[in-house]
Amino acid sequence: MSSSLPKSSISAEWLGRPAPVVAPDLVGCTLVRQFADGSQYRGLIVETEAYAPDDPACHAYRRRTARNEVMFGPPGSCYVYLIYGMYHCINVVTDADTVPSAVLIRALDLDRVPLWIDEKQRQKPRRIAAGPGKLCRALHIDRTLNGIHLTGGHPLWLEPRSPHWVEQFAQGHHQLVQTTRIGLTQGVEIPWRWYLADCPAVSKKG
DNA sequence: CTCACGATTGGA
DNA sequence: CCAATCGTGAGC
């Protein structure tokens with residue numbers, strides 16, 4: 001008889017590498033959201049983007065400010081910001097403490113449809129978390145979660161690739177594509193976006 | 001202190 | 001193509 005141990009979170013040490021190194025490794029990992037009633041929603045990370053120091057597209061490129069403060073913190077911290085006055089974006093802080101860098105989670109493949117998702121969006125369940133703004137809306141992620149650690153002990157955390165996923169990946173069932181980042185005006189040519197080819201939950205192709 | 005704009009999205 | 005919607009931060 002086997003008892004199930006609690007699944008381990010991704011460690012701060014693993015995340016303490018440069019963002020462009022962590023970003024592709026985070027694809028295939030899982031973001032877990034837990035609510036006060038104990039319910040959980042799990043999303044397979046299928047698309048990421050890296051932002052690093054000396055990167056003109058990075059929010060911390062110019063200087064340390066109230067908004068980007070968390071990016072200067074320890075790896076594993078959660079950086080959430082508001083974009084266009086109506087959407088939130090979630091980042092995983094990476095690299096050594098004081099080195100401002102992070103990985104933007106751009107799309108998730110959810111294990112189930114959240115209760116509050118409207119009928120319109122239910123018609124395309126794989127698209128519910130296809131995009132950085134959409135996934136935060138789907139999992140009720142906002143700035144109240146800014147600064148928490150994603151390494152365990154909070155209502156939002158990261159879990160490593162499952163042995164099954166790793167095996168499938170090794171057998172070539174998943175193709176990880178590297179391209180340029182989306183929606184930027186600076187650093188447009190830097191190829192720091194990664195996504196799973198042929199995954200319906202990826203925000204955009206190309 | 002002001003004000004143009006953004007790591008987006010959905011609809012015209 | 002364009003509007004929604006507001007916190008941020010660069011510049012005066």
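Convention: sequence-line order gives letters A, B, ...; per-chain numbering from 1.
If you take atom P in C:dG7 and the same atom in B:dG11, they sit 24 Å apart, rounded to whole Å. A distance of about 23 Å separates the P atoms of B:dT2 and C:dT5, rounded to the whole Å.
Checked against B:dT9, C:dT8, B:dA7, the side chain of A:K134 finds its nearest nucleotide in B:dT9. Each of C:dT8, C:dT5, B:dA7 was ranked by its minimum atom distance to the side chain of A:M86; first place goes to C:dT5.
A:G133 comes within 4.0 angstrom of the backbone, heavy atoms only, and of no base. Using a 4.0 Å heavy-atom criterion, one finds that A:R127 contacts no nucleic acid atom at all. Using a 4.0 Å heavy-atom criterion, one finds that A:R67 contacts the sugar-phosphate atoms exclusively. A:L82 comes within 4.0 angstrom of the backbone, heavy atoms only, and of no base. In this structure, A:R193 reaches neither bases nor backbone, as no heavy-atom distance under 4.0 Å exists between it and the strands shown. Contact annotation for A:E47: no contact, since no heavy-atom pair falls under 4.0 Å across all strands.
When rounded to the nearest whole Å, the span between CD of A:Q186 and P of B:dA4 equals 19 Å. Regarding A:L184, its CG atom lies at a distance of 6 Å from the C1' atom of B:dA7, rounded to whole Å.
Judged by Watson-Crick or G-U wobble contacts below 3.5 Å, the nucleotide C:dT5 has no partner.
At least one side-chain heavy atom of A:Y195 sits less than 4.5 Å from a side-chain heavy atom of A:T179.
Using a 30° and 60° split on the angle between ring planes, A:Y41 and A:F35 fall in the perpendicular class, above 60°. Below 30°, between 30° and 60°, or above 60°: for A:H140 and A:W116 the angle between ring planes is below 30°, a parallel geometry.
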- Task: Test A:T151 against A:S9 for side chain to side chain donor-acceptor pair (under 3.5 Å), laying out the working first.
- Result: CA-CA 5 Å; A:T151 48; A:S9 299; over 6 Å; no

